[in-house]
Amino acid sequence: MNEAFLYYIWEHKLFLTSELRTTDGEDISMIDIGRRNRDAGPDFFNAKIKIGSTVWAGNVEMHLKSSDWYRHGHEKDKNYDNVILHVVLLADKQVMRSDGQVVKQCVLPYPKRLEEHYDELMESKLPIRCAEKLGEVPSLFLTSWKDSLLVERLEDKSAYIEQLLQANKRNWEEAFYVTLARNFGFHTNSMAFELTALSLPLSCIGKHRNNLKQVEALLFGQANLLYGEKDEYAQALLKEYEFLASKFDLKPIQEGMWKNHRLRPSNSPYVRIAQFAALLYYSQRLFSKLLECGHVNEMYALFETKPSEYWKTHYSFGEAGDVHTKIVGKSSLRIIIMNTVIPFMFYYGKCHSNEELMDKAVLFFRQLPAEENHIIKQWKQVGLKADNAGDSQALLQLWHHYCEKKNCLKCRIGHKILVVR
Ligand code: SF4
């Protein structure tokens with residue numbers, strides 16, 4: 001038993017109403033349980049409770065034992081002077097406010113089966129603690145929970161987008177460009193890619209957008225991947241870059257940021273930068289165009305751009321190899337669409353009160369195939385199959401934000417299992 005469980009019983013009004021009374025034997029009637037406070041101060045604000053014949057309005061504090069009131073120093077803290085009820089599991093001491101007044105206390109009565117179900121869940125050794133009970137949860141209920149989790153995941157991603165917007169004077173194209181660059185780094189080089197984009201405003205690229213070689217020069221130069229290269233093409237890019245860097249007063253990112261080790265040639269940072277340059281060259285106002293797409297397949301088409309001739313035979317600067325057109329693969333594009341395009345579309349819709357766009361973002365997830373990874377496999381093994389990317393994103397959110405953190409009390413499946421069984 002822990003305090004989180006106590007808050008849970010209180011918040012969901014799962015206590016036994018008819019047995020609610022103070023330690024002095026006065027009857028308690030709950031009018032309003034109050035609002036949960038997760039910051040400093042009492043646990044619930046603005047509760048309204050009838051104790052005996054008097055209605056009290058104020059805060060509620062909760063502890064496992066009454067003596068915890070003193071352990072936390074509340075008897076000296078004026079923030080606790082407005083506590084109207086101290087709710088505990090064990091009343092082992094009278095408690096007082098800083099002005100010396102006694103605080104009324106109540107030992108919370110609750111159904112014992114609730115605690116049994118909770119212990120069962122918490123003590124399970126399975127990676128998904130509720131695995132054995134999942135079959136009892138109606139599929140319609142699971143579908144609605146997955147829908148909420150998907151929106152929750154999109155809301156979480158919105159925080160990062162908002163930060164970028166604030167840093168870019170709310171310029172959506174610029175913020176999108178930085179996020180897209182980050183995504184082109186595919187984990188290993190995401191930081192280096194993001195720093196490169198942050199060091200190179202989209203407006204500079206915009207002025208040379210009609211010349212792919214200059215776009216490449218700007219990107220490779222800012223990425224600090226041109227100095228020291230003997231290759232003729234790299235030297236030509238360096239010459240262009242030096243002219244443009246002085247024109248725009250650009251400084252490249254720190255040396256040694258890029259990782260090439262253990263990457264497949266098609267993921268090499270050189271190939272990714274060349275692909276990104278081609279995308280910027282061929283697609284003006286890319287973000288606006290993506291917002292106008294009616295189906296996710298139209299997005300794939302917008303990303304299908306070919307890097308310059310040189311990259312047909314190269315994975316980095318130097319000796320030429322076999323000819324391979326290095327367009328971004330479909331599975332990589334899917335990751336970009338899921339991690340960047342759809343979250344941007346959702347948040348743009350939210351900021352502009354455009355529910356249609358927000359719904360379209362969710363729908364686009366449903367039009368993409370489910371991701372395949374060990375977490376999704378784990379859900380499949382316990383009977384929760386992901387039919388599309390909307391499902392897999394929801395299950396990833398459930399795993400990372402609830403299961404992994406033992407947040408079963410905040411999970412709707414957990415609630416169903418605890419209360420309804
Ligand atoms: S968080 Fe939810 S889904 Fe995960 S183990 Fe707990 S009850 Fe099950």
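Numbering of ligands and ligand atoms starts at 1, following listing order. What you see below is based on every heavy atom in this structure, not just the backbone, and it leaves out hydrogens, waters and symmetry mates.
Between Y80 and H74, the ring-plane angle classifies as parallel under the 30° and 60° cut-offs. The aromatic rings of F220 and Y270 sit parallel, their planes meeting at an angle under 30°, below the 60° perpendicular limit.
Residue pairs meeting the side-chain hydrogen bond (donor to acceptor under 3.5 Å, both in side chains) criterion with at least one partner in residues 340-363, sequence neighbours excluded, are E155-K350, E162-Y347, N183-T340.
Legend: residues meeting side chain to side chain donor-acceptor pair (under 3.5 Å) with E26, ordered by chain and number and at least two apart, are K104.
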If you look only at distance, which donor and acceptor atoms sit under 3.5 Å apart when one is on a side chain in residues 295-304 and the other is two or more places apart or in another chain?
unit_1 : atom_1 : unit_2 : atom_2 : d
H295   : ND1    : N297   : N      : 3.0
E298   : OE1    : G294   : N      : 2.9

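If you look at atom 8 (Fe) of ligand 1, the protein N, O or S atoms less than 2.8 Å from it are C130 SG.
Relative to the six-membered ring of Y281, R209 misses at least one condition, a distance below 6.0 Å or an angle of at most 45° to the axis.
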